[in-house]
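I have placed the structure first, in the form of structure tokens, so that the comments after it can refer back to it.
Computed from a prediction, not measured in an experiment: that's the story for all the values here.
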Amino acid sequence: MKKLRKVLLLLLMTVLLCGNTLIVSADEDETNIDSDNNTSNDSPGDQYASDAWKEQVRKQLNRYYSDLKILYKLTDDQIRRMDKIYNSAMTYMKNAGLTMSELTSYESSVEGYLSEIAKEARPTSTQKFLMLSNEVPITSANYGEQAFVVLSLINLGKADVTDVVVTPTVSNDKAKWPFDINQAYDAQMIQIIQAADDTVDAYNKRMDIGWLFNVRPDVLTGCYPLPFHVTYYENGILAETDITTYINIKGADPEKKLIKDPDDDQDDKKTANPRIIVTGYSTDPGEVYAGSTFNLTVSVKNTSRETAVENVLFNMEATVEGKDADATYAAFLPTSGSSSVYKERIAPGETYDMSIEMEAKSDLSQKPYVLTVNMKYDTEDQVNLSDVAHVSVPIKQEAKLDTGTAEIMPESIAVGEQSNVMFSIFNTGKTTLFNVKVNYESDTVDSGVTYLGNIAPGNTGNVDSMLTGIAPDMGTGIVKAVITYEDEAGNETRYEKDLNLQVYEMNFDEGMMEDISMEPVVDESAQKGIPLIAIIGIAAAVVVLIVIIIVIVSKRRKAKKQREDMDLLDGDDE
């Protein structure tokens, strides 16, 4: 039986060898056919990339690498490592015969590796890329008038910035903020500011926003800096900066300047309406996710030093979302059904914290949303005074993913053999999954990291990994695929998936391969004496002999009976 197993193993190896030869031949023939028949019938992604297309992709990679060098404070070692990857990739993309889809996929993988190294460094300030255009002149205004302040924003960076929220940084000190504070925290939004090739292109792509301010009647003559706080997204990362413009103000008394003698206490006291301003806000929890309930606390202050405000009514109005007029809705809704808060009285200089529980709609995109605070109040002398303020509440979306059924070929391998693992990763959330990677945790297999890059909401990433068996699995047959991804802040999340892959040890009898290669194949039944075919022949001969004997005996009996019958007839005649 041992030698029979050797024979069967030899036959199996022969079949596998022949099968592999046929597969290789078929692949070679198919490759030749594809190269000879690369016609317009193929999809664009399957066509071989032209030199022009290669050059375009190489320029994209060059620009991406330049952005990383600007956005991050890279060390010499990081630059050396990144240069090695970049130069190798540029040479490969120029000379390799790749299809358009293969070239694009390769570029995405290289960008992922460069990004991984760059994120080891600390980001640089991006203020110098998002700035004001020099083409817009400084505004001038007189005391007691209205002034229209315009910010003309340009983007001198290499990437577009999106969801830009600009908020005036107000002050109760008239030497720092020359306007009546009736539009504090009046945030305005810009959907996108495109990147530009040069300053001329940047000016053509500029985005203008403006505010209408009331100049204080008691303002002093001078040039006032006007600071604004800006938050935005760049390359999917939330960033912030401060931008300052200026305004020339002519005061009521031209002789009184903004910079005056500190001992001069002869400022005219003028009666002005009390103002209620928003001094800050907070949310509980600190990070608000779409579909969650949160408590919003807004701090307001009566800026008047002498006049109290009474019958104060605050009403919250959230940004209206929805593309169709018939399908619009508020981004935030109060859980109690009312978005109004009432305060009987706020004393001069007093700060009041009002709270309201709200729910964020579950389908909100991940970005800041503006909440308008409308305020109405009375004083002893006047009724129905009003102020308006705005706060910006950032909303986050919980990252979600799911995976498809894994295809494992083969599902059982020997140590030293390889298995191909393929499955899909679906982004089922509403936020981008950044730097998606897959590796495998098991003592039985060895594999590298499969990098998929970023997966946008609703998109799919496809995993294609080769696993090499390094040790038997002791009967468990489980390999753990570990999927990691980052959010916009760089926080990493881990997702695990179990795969059924058995790894066994290939056991060979001692001297078996030598027996297979050296010993001739001998029929085991022949070594025992009589061959099998001889046994069958003997059995057939015996059957034939028995039939012949039966026929002979039957004929003899018949002849004897005939003689006996003839003898009887002869006796009767006598």
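Every residue two or more places apart in sequence or in another chain was checked for a salt bridge (charged side-chain N to carboxylate O under 4.0 Å, His left out) with Glu107, and none qualifies. Evaluation of the salt bridge (charged side-chain N to carboxylate O under 4.0 Å, His left out) rule for Arg58 yields Glu55 as partners, not counting sequence neighbours.
Using a 4.5 Å heavy-atom threshold, the side chains of Ile276 and Tyr352 count as separate. Side-chain contact check for Leu226 versus Pro178: some heavy-atom pair is nearer than 4.5 Å. Between Leu296 and Val288 the shortest side-chain heavy-atom distance does not fall below 4.5 Å. Considering only heavy atoms from C-beta on, Val110 comes within 4.5 Å of Ile85 through its side chain. When side chains are defined from C-beta on, Ile209 does not count as touching Val164, because their heavy atoms never get closer than 4.5 Å. Using a 4.5 Å heavy-atom threshold, the side chains of Asp487 and Thr431 count as separate. For the pair Leu132/Leu151, a side-chain contact is recorded, criterion being any heavy-atom separation below 4.5 Å from C-beta on. Counting heavy atoms from C-beta on, the side chains of Val215 and Phe179 come closer than 4.5 Å.
Under a 3.5 Å cut-off, the side chain of Asn374 and the backbone N or O of Val388 do not form any donor-acceptor pair. Between the side chain of Asp201 and the backbone N or O of Ala196, no donor-acceptor pair lies under 3.5 Å. Between the side chain of Lys250 and the backbone N or O of Ser140, no donor-acceptor pair lies under 3.5 Å. At least one donor-acceptor pair under 3.5 Å links the side chain of Thr279 to the backbone N or O of Ser299. Judged by distance alone, with hydrogens and angles left aside, the side-chain atoms of Lys205 form a donor-acceptor pair with the main-chain N or O of Ala195 at under 3.5 Å. Of the possible polar contacts, none joining the Ser108 side chain to the Thr104 backbone as a donor-acceptor pair under 3.5 Å is found. Side-chain atoms of Gln78 come within 3.5 Å of backbone N or O of Thr75 as a donor-acceptor pair.
Of the candidates Tyr485, Phe434, Tyr113, Tyr451 forms a ring-ring contact (aromatic ring centres under 6.0 Å, His included) with just one, namely Tyr113. Considering Thr432, Asn435, Asn454 as possible partners of Glu486, the one that fulfils the side chain to side chain donor-acceptor pair (under 3.5 Å) test is Asn435. Exactly one of Leu452, Asn459, Asp402, Thr460 qualifies for a side-chain contact (heavy atoms from CB on, under 4.5 Å) with Ile425. That residue is Leu452.
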Quick one, Met316 with Phe332, criterion side chain to side chain contact (heavy atoms under 4.5 Å, CB included). Give me CA distance, side-chain angles, the key distance, then yes/no.
CA-CA 9 Å; Met316 313 284 190; Phe332 310 130; over 6 Å; no
Check against side chain to side chain contact (heavy atoms under 4.5 Å, CB included), Asn62 and Tyr86
CA-CA 8 Å; Asn62 177 266; Tyr86 169 79; 2.7 Å; yes
Let's go through Ser465 and Ser447 carefully: what are the C-alpha distance in whole Å and the side-chain angles of both, what is the deciding distance for side-chain hydrogen bond (donor to acceptor under 3.5 Å, both in side chains) to 0.1 Å, and is it a yes or a no?
CA-CA 8 Å; Ser465 306; Ser447 68; over 6 Å; no
Where do Leu61 and Met93 land on the side chain to side chain contact (heavy atoms under 4.5 Å, CB included) test, with the steps shown first?
CA-CA 10 Å; Leu61 180 60; Met93 289 191 296; 3.4 Å; yes
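Interatomic distance, CD of Glu380 versus CD of Gln382, reported as 11.5 Å (0.5 Å rounding). How far CD of Glu234 is from OG1 of Thr162: 9.5 Å, rounded to the nearest 0.5 Å. Distance check, rounded to the nearest 0.5 Å: CG of Asp378 to CD of Glu310 gives 7.5 Å. We find the OH-CG distance between Tyr369 and Asp163 to be 8.0 Å, quoted to the nearest 0.5 Å. With values rounded to the nearest 0.5 angstrom, Thr307 atom OG1 is found 13.5 Å from Ile346 atom CD1. To the nearest 0.5 Å, atom OG1 of residue Thr335 and atom CD of residue Glu359 are 8.0 Å apart.
For Glu496 and Arg494, the salt-bridge test passes: some basic side-chain N is under 4.0 Å from an acidic carboxylate O. Salt bridge status for Glu441 with Lys480: absent, with no side-chain N to carboxylate O gap under 4.0 Å. Remark: Arg80 does not engage Asp76 in a salt bridge, criterion side-chain N to carboxylate O under 4.0 Å.
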